[in-house]
Amino acid sequence: MIEIKGKVAILTGAAEGWGYEIAKAYARAGMKIALMDVQGEKLQRLADEIKAMGGECLPIVVDLANSDATQAAAEEALAYYGTPRVLVHNAAVLKEVSMLDVTFDNWRREMNIIIQAAFILSKAVWPKMVEAKNGSIVYISSGSGIKGFVKETAYTPGKHGQEGLMKVLSMEGEPFNIAVNTITPGIAINTPMSASHYTPEQQARWVDPVLIAPAFLYLAGLDAKTTTGHRLDAWQLSEAIRVGQKV
Ligand SMILES: NC(=O)c1ccc[n+]([C@@H]2O[C@H](COP(=O)([O-])OP(=O)(O)OC[C@H]3O[C@@H](n4cnc5c(N)ncnc54)[C@H](O)[C@@H]3O)[C@@H](O)[C@H]2O)c1
């Protein structure tokens, strides 16, 4: 495992939900973080919190559905901090719309955030990681990455796409020691996305996403010699880290 203190993370969807907790975990670990999100005010509040903790971050307000804006955000992060140790693409939206009702524009927007941004951000960091001969890329997947759910006309294919991109890039990354993995929560989590989609039964047993943020410390220190090409479980990894188990 590679020491992560002082190293760089690029994290999307940081303003709230799971991404917010991942950002705080990276800040506590002493990483420098390029934080991306479409919600400017919330992102700035997070950046202020991190700075108040003595942390280092660069908030970048960006709509990751827009390819040019995503490319510009990646370039800004790379120009400011240089080669990242880890890229975590966490941002997503989930709109449950039937095939009869979904519009192409809405379908494309959701797909762009999930899979187009995964490609653009990975493509931007790839030559840097190749040159450094190490790096870790993580896409936040979902149960929807391996099975279908009714009305998830964009979310399910988007998450399947992330699983596919991970499989290809993990093979291409291996000679350059770049780890590429996906991760799922492994447990019901209390986030704004969950609040709008979970059943009352799921909401009764959801946990704070702070509990599944420690997994991302492991992911930030990964290289291809350790773990690559896997679909990981954040709850199991975080539990193992909490009890001091070797992961
Ligand atoms: N919540 C769950 O139960 C659950 C389950 C499985 C997987 N996931 C995945 O975990 C990740 C985080 O989910 P969450 O529950 O924290 O979601 P959330 O909706 O609570 O937070 C998502 C973040 O992404 C940002 N975002 C959305 N659209 C954006 C855009 N166009 N450009 C930039 N940023 C944008 C939002 O502003 C927000 O800060 C997602 O990839 C999601 O698919 C969540």
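Atoms within each ligand, like the ligands themselves, are counted from 1 in listed order. This chain uses plain numbering: 1 for the first residue, then up along the sequence. The shown structure was predicted, so the numbers you read here are calculated from the model rather than taken from an experiment.
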_Please output the residues near ligand 1 using a strict heavy-atom distance under 4.0 Å, listed in chain and residue-number order._
G13, A15, E16, G17, W18, D37, V38, Q39, V62, D63, L64, A65, N90, A91, A92, V93, R109, I113, I140, S141, S142, Y155, K159, P185, I189, T191, P192, M193, S194, Y198
_List the residues meeting salt bridge (Lys or Arg N to Asp or Glu O under 4.0 Å) with R231, not counting sequence neighbours, and say none if there are none._
E163
*Does the pair V62 and E76 meet the rule for a side chain to side chain contact (heavy atoms under 4.5 Å, CB included), with working shown?*
CA-CA 11 Å; V62 54; E76 185 180 344; over 6 Å; no
*With E49, which residues qualify under salt bridge (Lys or Arg N to Asp or Glu O under 4.0 Å), at least two apart?*
K24
*Are I212 and I4 linked, directly or through other ILVMFWY residues, by side chains that come within less than 4.5 angstrom of each other?*
yes
*List in chain and number order the residues that pass ring-ring contact (aromatic ring centres under 6.0 Å, His included) with F216, two or more places apart in sequence or in another chain; answer none if no residue qualifies.*
W18
*Should V125 and L58 be counted in the same cluster of Ile, Leu, Val, Met, Phe, Trp and Tyr side chains packed under 4.5 Å apart?*
yes
